[in-house]
**Q** 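My questions will all concern the structure given below.
Side chains are part of it too, since the values below use all heavy atoms of this structure and drop only hydrogens, waters and symmetry mates. Here the structure is a predicted model, which is why all the values come from computation and not from measurement. One-based numbering, in listed order, for ligands and for the atoms of each.
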Amino acid sequence: MKVTEYFEKANGRTLTSFEILPPMKGGRMSSIFEMLDPLMEFKPPFIDVTYHREEYIYNQQPSGYYEKIAIRKRPGTVGICAAIMHRYGVDAVPHLICGGFTKEDTENALIDLNFLNIKNVLAIRGDARKFENKFVPEAGGHKYAIDLVKQIQDMNNGKYLDTNIDDGDKTDFCIGIAGYPEKHFESPNMELDLEWTKAKVDAGASYIVTQMFFNNKRYFDFVDKCRAAGINVPIVPGLKPITKRYQLTSIPRNFYTDMHPDLVKSVNAAKNAEQIIDAGVEWCIHQSKELKAAGVPCLHYYTMGDQETIRRIAAAVN
Ligand code: FAD
């Protein structure tokens with residue numbers, strides 16, 4: 001079923017969903033099941049699986065020179081989606097990115113997803129590769145997420161890259177996109193960021209999942225601004241608990257989100273690793289309950305390999 005159909009069916013009830021990462025190359029599928037099994041009691045209607053493009057690593061050669069090699073450290077997104085649907089009967093939402101894909105690669109990936117009966121896709125651009133200071137699209141690939149949304153929507157209308165195909169199978173993907181309550185870091189201002197977000201919705205996106213945030217006011221303000229800009233699709237809040245003190249600075253650096261002063265205070269007051277987790281969990285429960293009371297369609301948790309903490313939060317909120 002489509003993500004948006006779950007929201008409609010819930011009729012105002014707040015759902016719970018999760019995002020997971022594929023294991024590092026060489027890892028086991030069983031690690032994904034061990035993580036998801038305890039989360040199934042919260043009846044997630046869908047589970048997102050992230051996509052990771054290749055990274056460059058530098059291997060030192062006997063000569064002393066370094067060889068630059070491109071490798072994908074976390075492959076397996078599509079296989080994991082199929083395995084999740086098979087084991088749990090839950091819809092999987094693969095993330096599809098522009099980076100590393102030509103338009104034809106994208107078309108072929110979408111054909112695979114369609115044949116697997118995957119009904120949902122989160123269409124995003126992807127970040128710059130490690131050690132590159134800006135996003136560089138693949139030659140013959142998409143520069144912005146909106147172009148990916150348009151390509152998916154074309155296939156939903158039976159339009160393929162090969163113009164000789166005049167009666168192509170029409171896919172029926174429900175397209176999600178990313179949204180940024182605290183603005184995407186490359187955008188000169190919030191107004192322009194919202195314009196581009198609206199353009200993605202006008203091009204065919206049916207819902208938005210937000211970047212993580214630690215101050216609900218940022219989410220509520222973002223929803224108000226989206227509505228004022230004419231963006232009327234569901235906006236799903238993305239949540240992540242703080243579990244380590246260093247995340248108070250690493251998350252703002254990597255995700256461009258502010259930490260609420262009260263959260264910073266309670267994490268800094270913690271006396272040991274356990275108390276830090278407790279402080280982060282308490283804060284995320286507080287955020288979740290407030291968002292649920294406000295009637296958000298879904299609480300979407302970024303698990304980042306830590307199912308125990310997420311389970312504690314979901315148990316307290318459901
Ligand atoms: P875009 O919508 O393309 O926007 C990128 C920037 O360009 C923004 O500043 C925007 O304002 C601007 N812009 C947009 N369109 C135009 C245009 N036509 N002309 C000029 N400027 C424009 N990354 C991964 O690699 N894998 C994942 O699985 C993944 N999952 C994510 C899930 C969520 C919920 C979120 C919030 C992010 C995720 N990311 C993931 C990170 C994401 O790829 C980055 O945040 C990326 O930098 C931007 O992606 P986007 O889709 O928002 O890009």
Side-chain angles (χ1 to χ4, degrees), residues 3 17-22 46-55 72-78 80-81 92-101 106 109 113 120-130 132-138 141-152 175-214 218-219 222 225-226 229 231 233-240 251-257 297-305:
V3 165
S17 62
F18 305 105
E19 178 195 279
I20 62 164
L21 276 62
F46 59 91
I47 293 167
D48 277 51
V49 186
T50 55
Y51 192 95
H52 300 259
R53 91 179 279 191
E54 80 284 4
E55 298 176 20
R72 283 190 60 208
K73 289 190 176 170
R74 290 183 188 272
T77 301
V78 177
I80 292 171
C81 285
V93 184
H95 292 190
L96 195 58
I97 64 171
C98 302
F101 282 75
T106 300
L113 299 181
N120 304 284
V121 176
L122 194 83
I124 47 208
R125 187 194 69 180
D127 279 320
R129 284 195 201 90
K130 240 183 196 168
E132 283 182 346
N133 60 6
K134 65 173 187 161
F135 174 80
V136 181
E138 193 72 13
H142 297 305
K143 193 172 173 192
Y144 294 109
I146 188 172
D147 305 315
L148 178 55
V149 171
K150 284 179 182 164
Q151 186 175 5
I152 303 169
I175 309 168
I177 51 166
Y180 303 85
E182 297 172 68
K183 186 181 88 60
H184 185 263
F185 71 101
E186 290 170 28
S187 201
N189 56 47
M190 189 54 137
E191 288 66 30
L192 212 51
D193 210 23
L194 285 170
E195 264 180 44
W196 292 122
T197 305
K198 180 165 187 319
K200 287 191 278 187
V201 171
D202 292 346
S206 311
Y207 72 103
I208 296 172
V209 183
T210 75
Q211 183 57 280
M212 64 181 78
F213 56 90
F214 297 87
R218 302 293 173 95
Y219 168 83
F222 177 66
K225 283 180 190 157
C226 283
I231 300 168
V233 296
I235 302 177
V236 175
L239 295 166
K240 144 115 190 83
I251 289 180
R253 193 168 59 241
N254 294 322
F255 296 96
Y256 307 91
T257 63
C298 185
L299 296 165
H300 187 67
Y301 294 104
Y302 297 117
T303 61
M304 293 189 168

**Q** Among all protein heavy atoms in this structure, tell me which lies nearest to atom 16 (C) of ligand 1, with the distance rounded to 0.1 Å.
**A**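 Nearest protein contact, heavy atoms only, for atom 16 (C) of ligand 1 is Trp196 CD2, 3.3 Å.
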
**Q** Quick one: nearest non-hydrogen protein atom to atom 44 (C) of ligand 1, plus distance?
**A**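 Heavy-atom neighbour on the protein nearest atom 44 (C) of ligand 1: Asp127 OD1, 3.3 Å.
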
**Q** Looking at ligand 1, would Gln211 count as a contact under a 4.0 Å heavy-atom criterion?
**A**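 Contact present.
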
**Q** Below 4.0 angstrom from a heavy atom of Tyr302, which ligand 1 atoms are there? Numbered from 1 as shown, please.
**A**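 Listed by number with element: 34 (C).
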
**Q** Any atom of ligand 1 sitting under 4.0 Å from a heavy atom of Asp48?
**A**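 Asp48 does not count as a contact of ligand 1 under the 4.0 Å cut-off.
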
**Q** Taking heavy atoms and a distance under 4.0 Å, where does His95 meet ligand 1: side chain, backbone, both or neither?
**A**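 Side chain only; the backbone of His95 stays clear of ligand 1.
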
**Q** With heavy-atom distances below 4.0 Å as the criterion, list the atoms of ligand 1 near Leu122.
**A**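 The atoms of ligand 1 under 4.0 Å from a heavy atom of Leu122 are 32 (C).
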
**Q** Any heavy-atom pair between the side chains of Glu19 and Ile47 that's under 4.5 Å?
**A**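 Ile47 does not reach Glu19 side chain to side chain.
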
**Q** State whether the side chain of Asn120 and the backbone N or O of Val93 hold a donor-acceptor pair below 3.5 Å, judged by distance alone.
**A**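 Side chain of Asn120 to backbone of Val93: no pair is present.
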
**Q** Does the N or O separation between Ala145 and ligand 1 drop below 3.5 Å for any pair?
**A**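 Min N/O separation from ligand 1 is below 3.5 Å for Ala145.
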
**Q** What are the atoms of ligand 1, with element, lying closer than 4.0 Å to any heavy atom of His184?
**A**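 So the atoms of ligand 1 that pass are 5 (C), 6 (C), 8 (C), 9 (O), 45 (O), 46 (C), 47 (O), 48 (C).
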
**Q** Could you tell me whether Lys198 and Asp202 have a side-chain N and a carboxylate O separated by less than 4.0 Å?
**A**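 A salt bridge is present here (some side-chain N lies under 4.0 Å from a carboxylate O).
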
**Q** Quick one: closest heavy-atom pair of Gly204 and Ile175, and the distance?
**A**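 Of all heavy-atom pairs spanning Gly204 and Ile175, the closest is O-CD1, 3.9 Å.
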
**Q** How close does the nearest protein non-hydrogen atom get to atom 36 (C) of ligand 1, and which residue and atom is it?
**A**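 Atom 36 (C) of ligand 1 sits closest to the protein heavy atom Ala178 CB, 3.5 Å.
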
**Q** Check whether more than 12 heavy atoms from other residues, nucleotides or ligands sit under 6.0 Å from atom CG of Asn189, and answer yes or no.
**A**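 Correct, the count exceeds 12.
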
**Q** Is Val149 close to Val201 at the side-chain level, that is, under 4.5 Å between some pair of heavy atoms?
**A**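 Not in contact.
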
**Q** Can you name the one residue among Leu122, Ile20, Thr303 that meets side chain to side chain contact (heavy atoms under 4.5 Å, CB included) with Asp48?
**A**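 When side chain to side chain contact (heavy atoms under 4.5 Å, CB included) is applied between Asp48 and each of Leu122, Ile20, Thr303, only Leu122 qualifies.
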
**Q** Any idea which atoms of ligand 1 are less than 4.0 Å away from a heavy-atom of Ile124?
**A**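 Checking each atom against Ile124, I get 27 (C), 28 (O), 29 (C), 30 (N), 31 (C), 40 (C), 51 (O).
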
**Q** Could you check atom 45 (O) of ligand 1 against the protein and tell me its nearest heavy-atom contact, residue, atom and distance included?
**A**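 So the nearest neighbour among protein heavy atoms is Tyr180 OH, 2.7 Å.
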
**Q** Please state which protein non-hydrogen atom is closest to atom 10 (C) of ligand 1 and give its distance, to 0.1 Å?
**A**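 The protein heavy atom lying closest is Asp193 OD1, 3.6 Å.
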
**Q** Is it true that Glu132 and Arg129 have a side-chain N and a carboxylate O under 4.0 angstrom from each other?
**A**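 Salt bridge between Glu132 and Arg129, a charged N being under 4.0 Å from a carboxylate O: yes.
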
**Q** Any idea which atoms of ligand 1 are less than 4.0 Å away from a heavy-atom of Thr50?
**A**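 Reading through ligand 1 atom by atom, the close ones are 28 (O).
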
**Q** Record the part of Lys200 in heavy-atom contact with ligand 1 below 4.0 Å; permitted values are side chain, backbone, both and neither.
**A**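 Side chain only; the backbone of Lys200 stays clear of ligand 1.
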
**Q** Under 4.0 Å from any heavy atom of Val209, which atoms of ligand 1 are there?
**A**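 Listed by number with element, the hits are 34 (C).
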
**Q** Is the shortest side-chain heavy-atom distance between Glu182 and Phe213 below 4.5 Å?
**A**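 Counting from C-beta outward, Glu182 and Phe213 do come under 4.5 Å.
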
**Q** Spell out, as yes or no, whether a donor-acceptor pair under 3.5 Å connects the side chain of Arg74 to the backbone of Leu21.
**A**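 No: the side chain of Arg74 does not pair with the backbone of Leu21.
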
**Q** Using a 4.0 Å cut-off to any heavy atom of Ser187, which atoms of ligand 1 qualify?
**A**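 The list of qualifying atoms is 9 (O), 11 (O).
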
**Q** Among all protein heavy atoms in this structure, tell me which lies nearest to atom 7 (O) of ligand 1, with the distance rounded to 0.1 Å.
**A**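 I find the closest protein heavy atom is Tyr144 CE2, 3.5 Å.
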
**Q** Among protein heavy atoms, which lies nearest atom 53 (O) of ligand 1, and at what distance?
**A**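 Answer for atom 53 (O) of ligand 1: Arg125 CB, 3.3 Å.
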
**Q** Between Arg125 and Glu186 (salt bridge meaning N to carboxylate O under 4.0 Å), is one present in this structure?
**A**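 Yes.
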
**Q** Any heavy-atom pair between the side chains of Ile231 and Lys225 that's under 4.5 Å?
**A**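 A side-chain contact is absent here, since even the closest heavy-atom pair is not under 4.5 Å.
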
**Q** For atom 24 (C) of ligand 1, find the nearest protein heavy atom and state the residue, atom name and distance (0.1 Å precision).
**A**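 Result: Tyr51 O, 3.6 Å.
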
